[in-house]
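Working notes, beginning with the structure itself.
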Amino acid sequence: MRDAILLTPGPLTTSLATKTAMLNDWGSWDSRFNALTAGVCADLLAIAQAQDSHVCVPLQGSGTFAVEAAIGTLVPRDGALLVLVNGAYGLRMAQLAEVMGRQVATLNFADDQPVCPQQLAEYLAAHPQISHVGAIHCETSTGLLNPLAAIATVVAAAGRQLIIDSMSGFGALPVDAHELPFAALVSSANKCLEGVPGIAFVLVAKQALAASRGNSHSLSLDLYDQHAYLARTGQWRYTPPTHVLAALRSALDQFHAEGGQPARLARYQANAERLRAGLAALGLQPYLPAAVQAPIIYTAHAPTHPSYQFMALYQAVRARGFILYPGKLTQLETFRVGCIGAIDHAEIDQALAALGAALDDLGWCSTGVKP
Ligand SMILES: *Cc1c(COP(=O)(O)O)cnc(C)c1O
């Protein structure tokens with residue numbers, strides 16, 4: 001039997017080629033591994049057209065480690081960070097900055113409302129102490145797409161620095177460093193790049209990194225040091241996740257073979273449209289309006305049946321070979337279905353059939369019509 005298809009936004013379903021790329025052992029000091037690191041970093045910069053302006057600093061760990069590293073390294077200890085919040089990942093960025101003792105403020109929007117650039121401009125004008133702005137590209141807690149280009153324009157015009165969490169967007173949603181000014185963009189291997197978990201990375205503006213020496217509160221999360229050591233020796237500081245990097249190399253080769261970012265986005269968009277239509281046919285209404293929905297993950301209102309429980313639905317869909325994701329909204333009963341990963345029309349259709357059959361079994365078919 002095949003592995004369950006992960007309809008979750010990372011870890012996600014990876015291709016056989018990506019999995020088999022992990023069958024070799026690598027010496028972390030070996031020149032071949034150093035070349036692997038350099039090649040992956042060059043590719044990640046090129047995806048954002050950032051080769052001239054930025055450096056890529058890879059980091060061991062999940063995506064949150066890299067968000068924490070970016071803020072700890074780039075926001076000076078006497079700086080102040082404004083986080084644009086419309087979901088759980090914005091809240092997490094504010095929380096981690098607070099834990100490390102940086103001054104933090106939040107500008108809050110409803111979970112289904114994109115960041116308003118006008119309000120941001122007014123806030124920055126009224127709060128000159130803010131040195132950095134943190135923004136979430138796709139807020140994965142709902143699937144909402146924030147207006148990154150407009151946010152970047154406002155932040156640059158106000159003379160502040162932008163730190164982007166594009167964890168669930170990078171590789172699919174376009175980012176062009178020539179047009180979009182940013183001090184740092186954080187992402188990880190195991191989302192739209194379709195690698196396996198264990199590596200995150202930060203694209204850091206060269207000037208911002210050069211000015212950040214000694215800022216970090218943390219040894220292992222210091223991007224300045226990580227980059228300086230890498231530049232000097234070709235090696236990671238501390239043990240690198242060798243197999244994970246080899247998998248990311250393979251995933252990037254497949255990404256290029258597919259046609260790069262535009263092709264990745266097109267496949268996810270096709271998945272997303274199929275998913276939206278299929279969910280609606282099952283009587284499951286989307287939480288977000290189409291205009292602010294990113295083609296990454298869908299939040300659906302749960303069936304209205306009085307005995308509905310997410311875990312029961314999860315188990316019934318799991319038994320059919322698909323993994324759903326719980327909702328992340330506190331006020332509403334929802335669940336999430338991802339449309340990223342090494343999946344296509346066929347898997348989306350199979351997932352919808354599994355969901356329909358599960359709802360039917362449980363007697364929760366919202367349409368009241370048997371599929
Ligand atoms: C996945 C994700 C993260 C990081 O999560 P980890 O579990 O630490 O990998 C951060 N921000 C966003 C928007 C995400 O989607």
Side-chain angles (χ1 to χ4, degrees), residues 6-14 44 57-72 81 83-100 106 108-109 111-112 114-115 133-148 151 162-173 175 182 184-203 218 220-221 223 241 244-245 247-248 251 264 268 272 287-288 292-299 323-329 334 336-341:
L6 304 181
L7 302 169
T8 57
L12 36 61
T13 290
T14 58
L44 295 173
V57 189
L59 190 71
Q60 301 92 329
S62 90
T64 305
F65 290 63
V67 177
E68 193 156 340
I71 286 167
L81 175 73
V83 184
L84 308 173
V85 177
N86 46 11
Y89 290 101
L91 285 173
R92 185 184 297 179
M93 187 190 278
Q95 186 192 0
L96 60 83
E98 200 176 312
V99 166
M100 68 179 82
T106 59
N108 299 288
F109 301 88
D111 288 333
D112 60 353
V115 167
V133 175
I136 313 295
H137 195 178
C138 167
E139 180 45 85
T140 323
S141 52
T142 55
L144 180 139
L145 180 65
N146 276 311
L148 190 58
I151 291 170
L162 179 63
I163 297 175
I164 304 166
D165 170 352
S166 186
M167 208 71 65
S168 64
F170 187 74
L173 305 177
V175 172
F182 60 89
L185 180 148
V186 186
S187 192
S188 67
N190 59 287
K191 292 196 171 171
C192 299
L193 298 173
E194 300 184 2
V196 303
I199 289 180
F201 55 89
V202 188
L203 309 183
S218 161
S220 55
L221 298 180
L223 295 179
V244 176
L245 189 72
L248 181 54
R264 183 79 24 123
Y268 290 170
Y287 167 70
L288 290 177
V292 298
Q293 173 73 59
I296 306 294
I297 186 167
Y298 266 79
T299 298
I323 302 272
L324 295 175
Y325 216 43
K328 219 170 181 156
L329 297 171
T334 56
R336 289 177 294 167
V337 193
C339 45
I340 66 177

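When a ligand or atom number is given, it counts from 1 through the structure's own listing order. Starting from 1, each residue takes its place in the sequence as its number.
- Atom-to-atom distance recorded for Leu6:CG and Ile323:CD1 is 6.0 Å, nearest 0.5 angstrom.
- Here Asp112 contributes atom CG and Thr142 contributes atom OG1; the two are 8.0 Å apart, rounded to the nearest 0.5 Å.
- With a 4.5 Å cut-off on side-chain heavy atoms, Ile296 and Cys192 count as touching.
- To the nearest 0.5 Å, atoms OG (Ser141) and CD1 (Ile297) are separated by 9.0 Å.
- Judged as a side chain to side chain contact (heavy atoms under 4.5 Å, CB included), and not counting sequence neighbours, the contacts of Phe65 are Leu59, Ser62, Leu221.
- The immediate protein surroundings of ligand 1, defined as residues with any heavy atom under 4.0 Å of it, consist of Ser62, Gly63, Thr64, Tyr89, Arg92, Ile136, Cys138, Thr140, Asp165, Met167, Ser168, Lys191.
- Within the model, atoms CZ of Phe170 and CG of Leu44 stand 6.0 Å from one another, a figure rounded to the nearest 0.5 Å.
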